[in-house]
Amino acid sequence: MSLAFIGLGSNLGDGCHNLQKAWQQTGDQPQITTLAISSPYLTKPVNKKAWEAKGKKLSDQLFTNAVGVLETDLPPQRLLEILKKIESAMGRERSKTVDRPVDLDILYYDDLVVSEAELELPHPEMKYRPFVLIPLAEIAPDHPHPVSGSTTRQMMRSLPICESGEIRQISWPDKRDSFIPGADKA
């Protein structure tokens with residue numbers, strides 16, 4: 001079995017609900033076992049220069065972000081296909097807007113390094129993103145980056161200091177974590 005870390009984000013609708021639903025649907029897939037998910041975080045949107053060059057811009061709606069870890073025996077390309085299907089089923093329309101009810105990114109897949117048109121591992125921008133590294137540090141502070149060897153904690157220390165309110169930890173609405181598969185059976 002392989003270990004994969006997934007970044008979850010939402011800036012349309014109820015972010016916590018969207019992430020819970022996406023994580024539940026991920027765990028419902030054959031050959032995938034969800035293991036843990038971080039706390040949710042509210043973060044300011046970050047626009048990419050490539051989007052702006054195409055005249056696209058994120059709304060000012062705050063993002064809800066989290067990071068989860070799962071086990072799978074699916075190859076990373078197949079896992080990505082499943083995550084994209086979950087995004088689409090939840091209403092993500094990549095061709096119409098950069099805003100999204102849910103965004104699911106593979107951050108790490110074991111220690112694989114992949115550079116393909118549709119998939120780059122580890123995720124190429126994660127080391128610059130507090131909204132990825134802060135929740136990742138909750139569940140894997142000492143996990144090493146397969147290229148740089150830096151741990152999550154070390155990558156966090158290299159980030160510029162976040163402005164007040166740029167990222168804020170919040171709580172899941174259902175603190176019993178019933179959205180995690182099997183949690184309600186314990």
Practice task
Decide side chain to side chain contact (heavy atoms under 4.5 Å, CB included) for I32 and T26; before the verdict, give the C-alpha distance in whole Å, the side-chain angles of both, and the deciding distance to 0.1 Å.
Solution key: CA-CA 7 Å; I32 295 176; T26 301; 4.0 Å; yes

Problem - side chain to side chain contact (heavy atoms under 4.5 Å, CB included) evaluation trace for V132 with H123 - result: CA-CA 10 Å; V132 171; H123 193 285; over 6 Å; no

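Applying the side chain to side chain contact (heavy atoms under 4.5 Å, CB included) rule to L3 yields the partners F5, L35, V69, E71, D110; only residues at least two apart in sequence or on another chain are considered. For D73, the side-chain hydrogen bond (donor to acceptor under 3.5 Å, both in side chains) test picks out Q31, with sequence neighbours left out. Checked against side chain to side chain contact (heavy atoms under 4.5 Å, CB included), P40 has the following partners two or more places apart in sequence or in another chain: C16, T64, I170, W172. Considering only residues two or more places apart in sequence or on other chains, S39 meets the side-chain hydrogen bond (donor to acceptor under 3.5 Å, both in side chains) condition with E138, Q169. Evaluation of the side chain to side chain contact (heavy atoms under 4.5 Å, CB included) rule for D111 yields P146 as partners, not counting sequence neighbours. Taking the salt bridge (charged side-chain N to carboxylate O under 4.0 Å, His left out) definition, one finds that D103 meets it with R92, R100, sequence neighbours left out. Residues passing the side chain to side chain contact (heavy atoms under 4.5 Å, CB included) test with M156, sequence neighbours excluded: L133, I134, A137. For E81, the salt bridge (charged side-chain N to carboxylate O under 4.0 Å, His left out) partners are R78, not counting sequence neighbours.
Residues A4 and Y109 come closest through the heavy atom pair CB-CD1, 4.0 Å. Nearest approach of L70 to T34, heavy atoms of both residues: CB-CA, 4.0 Å. A pairwise comparison of heavy atoms in I139 and P141 identifies C-CD, 3.8 Å as the closest pair. Closest heavy-atom contact between N65 and G9: ND2-CA, 3.6 Å. L62 and L42 make their closest contact through CD1-CD1, 4.3 Å (heavy atoms, listed as atom of the first residue, atom of the second, distance).
Expressed to the nearest 0.5 Å, how far CE of M90 lies from CD1 of I86 amounts to 9.0 Å. Going from atom CD of Q20 over to atom OG of S10 covers 11.0 Å, rounded to the nearest 0.5 Å. A distance of 3.5 Å separates CG of N11 from CZ of F63, quoted to the nearest 0.5 Å. Interatomic distance, NZ of K127 versus OG of S148, reported as 6.5 Å (0.5 Å rounding). Within the model, atoms CG of L107 and NE2 of H143 stand 9.5 Å from one another, a figure rounded to the nearest 0.5 Å. Atom CZ of F131 sits about 12.5 Å away from atom CG of L136, to the nearest 0.5 Å.
For residues 142-155, every residue pair satisfying the salt bridge (charged side-chain N to carboxylate O under 4.0 Å, His left out) rule, not counting sequence neighbours, is listed here: D142-R153. Within the structure, salt bridge (charged side-chain N to carboxylate O under 4.0 Å, His left out) contacts touching residues 29-43 (residues at least two apart or in different chains) do not occur. Pairs passing the salt bridge (charged side-chain N to carboxylate O under 4.0 Å, His left out) check and including a residue from residues 113-123, sequence neighbours excluded, read K84-E118.
A side-chain donor-acceptor contact under 3.5 Å links T152 to the backbone of A140. No side-chain donor-acceptor contact under 3.5 Å links Q24 to the backbone of K21.
Between L80 and the choices L121, L74, L119, the side-chain contact (heavy atoms from CB on, under 4.5 Å) rule is met once, by L119.
Its side chain within the 4.5 Å cluster rule, V147 clusters with V113 among the Ile, Leu, Val, Met, Phe, Trp and Tyr residues.
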